[in-house]
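A short write-up of the structure that comes next.
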Amino acid sequence: MSGTKISVIVPTYNEKENLAPLLARMDLALSGLDWEVIVVDDNSSDGTHEEAFRLSQLDSRVRLILRLADRGLARASIQGMLSAKGNILCIMDGDGQHDPKYIPRMIERLLTDNLDIVSASRKLDEITDPHSLSFLRQKISRFGNFLGSRVIGRTLSDPLTGFFMIKRDAFMRLAPGLSDPGFKLLLDILSSDRHLKHAELPFDFGTRMSGISKLDSYVAWQFLTFLLSKATGSLIPAKLISFILVGVTGLAVHFCGLYAGLLTGLSFRLAQTLATLIAATTNFAFNNVLTFRDRRLRGAGMLLGYLKYLLASAFGIAANISVAVLTYERFGHLVVISTLAGIAIDTLWKFVISNRIIWK
Ligand code: GDD
Ligand code: MN
């Protein structure tokens with residue numbers, strides 16, 4: 001393994017307590033190798049970056065990259081990989097679930113078989129400890145793995161693992177095409193170049209040392225919209241898919257509001273207006289936490305954004321209502337068709353406004 005330098009990139013978000021024990025493990029596992037570790041922290045609130053800085057002063061192989069304005073496991077990892085010195089880049093979690101003792105075996109596999117990537121796959125069938133992965137998470141992970149394998153057109157036992165290594169030259173070639181945030185960097189890498197030579201090495205997924213998991217429903221949502229986007233051959237970006245899916249829930253809200261209004265004796269025009277407003281409100285809320293979470297508006301900014309959203313989409317709302325009323329009057333009181341016609345115009349308008357003005 002002479003001439004090999006390994007850069008271990010550890011993305012962190014609130015992992016202060018876990019850093020020192022992880023480095024101790026790494027020091028043992030990688031003895032005899034030329035290595036460095038880069039901790040990429042997204043401005044954790046628990047003092048992770050102060051701890052990483054302290055450790056970097058004690059050991060020159062340790063480096064901190066602090067990101068103030070961005071959040072995301074994949075984007076943090078990419079940033080670390082781009083700044084690494086090694087010719088082999090290894091990504092691993094900072095919470096102890098990935099044991100560095102597997103790294104030498106992964107390097108050996110990478111080099112002897114002349115591969116581009118080696119990933120360490122969790123043995124999902126064998127995990128019985130709910131502290132490493134809950135029963136529900138195992139089910140979801142398995143389903144995610146199944147969908148993920150379909151998307152990249154390779155059968156992998158764990159395309160969602162966060163523990164893998166890639167040769168730097170291979171990574172640098174495909175890095176410009178990687179922009180998707182979320183937790184699925186390996187999947188993103190493998191689907192961006194089908195000719196990458198890749199192998200899996202099974203490993204025992206450990207238990208988190210301290211703190212809690214950051215994989216939440218938003219991460220799952222990103223994954224879903226990412227897969228749907230890939231299913232369209234990346235023609236429709238994940239954000240637009242998210243916007244449309246939110247729009248579909250708005251549709252349900254709209255019809256509930258509309259029929260509730262009609263049932264309580266409101267005129268069609270008034271019921272339609274109210275339903276449009278209610279649906280615009282729920283759409284705004286969902287888009288704020290799902291579609292545009294990375295540019296999420298809070299507090300006074302959210303209120304202002306909401307008012308801007310209503311104001312800016314007033315044209316769409318007006319168009320919606322007039323198209324709906326017109327169709328309704330022309331085509332013999334077909335509530336469903338007239339409403340759909342109105343909503344189609346409105347949705348198109350709102351996406352343009354949202355992306356350009358509200359969450360710019
Ligand atoms: N910089 C940065 N920014 N790091 C993050 C962020 C973020 O927004 N979110 C999570 N991390 C870091 C965590 O601090 C940890 O070191 C690592 O990424 C993994 O996060 P966990 O929160 O521990 O993930 P998990 O254990 O629930 O999920 C596991 O399974 C996923 C697939 O199901 C991990 O192995 C993931 O890597 C894997 O993708
Ligand atoms: Mn974890």
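Indexing begins at 1, ligand by ligand and atom by atom, following the structure's order. Count residues from 1 along the sequence. No experiment lies behind these values; they were computed from the predicted model shown.
For ligand 1, none of its N or O atoms has an N or O atom of T161 under 3.5 Å away. Ligand 1 has no nitrogen or oxygen under 3.5 angstrom from a nitrogen or oxygen of D41. Where the criterion is an N or O separation shorter than 3.5 Å, residue side chain and backbone included, F205 fails it with respect to ligand 1. Checked by distance only, ligand 1 and G94 come closer than 3.5 Å through their nitrogen or oxygen atoms. At least one N/O-N/O distance between L160 and ligand 1 falls below 3.5 Å.
Not one N or O on the side chain of T291 forms a donor-acceptor pair closer than 3.5 Å with the backbone of K239. Under the 3.5 Å distance criterion, the side-chain polar atoms of N288 are left unmatched by any main-chain donor or acceptor of R296. Formation of a donor-acceptor pair under 3.5 Å by the N87 side chain with backbone atoms of G3 is found in this model. Remark: side-chain polar atoms of R109 are not paired, donor with acceptor, to backbone N or O of S119 under 3.5 angstrom.
For residues 35-78, no pair satisfies ring pair (Phe, Tyr, Trp, His ring centres under 6.0 Å), with sequence neighbours left out.
Contacts between A76 and ligand 1, counted as non-hydrogen atom pairs separated by less than 4.0 Å, involve the side chain only. Residue contacts with ligand 1, taken as heavy atom pairs separated by less than 4.0 Å, involve Q97 solely via side-chain atoms from C-beta onward. When heavy-atom distances to ligand 1 are checked against a 4.0 Å cut-off, E15 comes that close only through its side chain, counted from C-beta outward. Contacts of R122 with ligand 1, taken as heavy-atom pairs under 4.0 Å, involve the side chain alone.
Not a single heavy atom of K184 lies less than 4.0 angstrom from ligand 1. Residue contact annotation: R208 has a non-hydrogen atom under 4.0 Å from ligand 1.
Of the protein's non-hydrogen atoms, the one nearest atom 29 (C) of ligand 1 is R137 NH2, 3.8 Å. Here the protein heavy atom with the shortest distance to atom 22 (O) of ligand 1 is K214 N, 2.5 Å. Nearest to atom 9 (N) of ligand 1 among the protein's heavy atoms is R71 NH2, 3.6 Å. For atom 18 (O) of ligand 1, the nearest non-hydrogen atom of the protein is L73 CD1, 3.3 Å. The closest protein non-hydrogen atom to atom 20 (O) of ligand 1 is F183 CE2, 4.0 Å. The protein non-hydrogen atom at the shortest distance from atom 5 (C) of ligand 1 is Y13 CB, 3.7 Å. Considering only non-hydrogen protein atoms, atom 17 (C) of ligand 1 sits nearest to D93 OD1, 3.5 Å. When hydrogens are left out, the protein atom nearest atom 2 (C) of ligand 1 is T12 O, 3.3 Å; that is the closest non-hydrogen contact.
Of all the atoms in ligand 1, the ones that sit under 4.0 Å from a non-hydrogen atom of L215 are 22 (O), 27 (O), 28 (O), 31 (C), 33 (O). Remark: ligand 1 atoms within the under-4.0 Å shell around heavy atoms of G162 are 37 (O), 38 (C). Proximity to D42 (heavy-atom distance under 4.0 Å) selects the following atoms of ligand 1: 1 (N), 2 (C), 3 (N), 7 (C), 8 (O). If you number the atoms of ligand 1 from 1 as listed, the ones under 4.0 Å from a heavy atom of D95 come out as 23 (O). Atom numbering of ligand 1 starts at 1 in the shown order; those under 4.0 Å from a heavy atom of S141 are 33 (O). Taking every heavy atom of V40 and a limit of under 4.0 angstrom, the matching atoms of ligand 1 come to 1 (N). Of all atoms in ligand 1, numbered sequentially from 1 with element shown, those under 4.0 Å from a heavy atom of H98 are 35 (O).
Taking Ile, Leu, Val, Met, Phe, Trp and Tyr as members and joining any whose side-chain heavy atoms lie under 4.5 Å apart, directly or through other members, the hydrophobic cluster of V253 also contains I278.
Classified by interplanar angle (parallel below 30°, tilted 30° to 60°, perpendicular above 60°), the ring pair H98/F163 is parallel. Using cut-offs of 30° and 60° for the angle between ring planes, the F226 and F223 rings count as parallel.
By the 6.0 Å contact criterion, CG on L307 is enclosed, its count of non-hydrogen atoms from other residues, nucleotides or ligands being greater than 12.
Donor-acceptor pairing under 3.5 Å is recorded for the side chains of Y306 and T281. Using modelled atom types, one finds no donor on one side chain facing an acceptor on the other under 3.5 Å when comparing E15 with T48. Judged purely by distance below 3.5 Å, without hydrogens or angles, the side chains of N114 and K167 pair a donor atom with an acceptor atom.
Salt bridge D46/K16: absent, no basic N to carboxylate O contact under 4.0 Å. Salt bridge present: D204 and K123 bring a charged side-chain N and a carboxylate O closer than 4.0 Å. A salt bridge links E36 with R63: the distance from a Lys NZ or Arg NE/NH1/NH2 to an Asp or Glu carboxylate oxygen falls below 4.0 Å.
For the pair R122 and F203, the cation-pi criterion (under 6.0 Å, within 45° of the ring axis) is not fulfilled.
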* To do: Using the ring-ring contact (aromatic ring centres under 6.0 Å, His included) rule, take F284 and W359 through it: C-alpha gap first, then chi angles, then the decisive distance, then the call.
  => CA-CA 11 Å; F284 174 82; W359 287 278; 5.3 Å; yes
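Remark: R54 pairs with E51 by the side chain to side chain donor-acceptor pair (under 3.5 Å) rule, at least two apart or across chains.
Around the Mn ion (ligand 2), the protein N, O or S atoms closer than 2.8 Å are D95 OD2, Q97 OE1, listed by chain and residue number.
Between atom CD1 of residue I166 and atom NE2 of residue H198 there is a gap of 9.5 Å, rounded to the nearest 0.5 Å.
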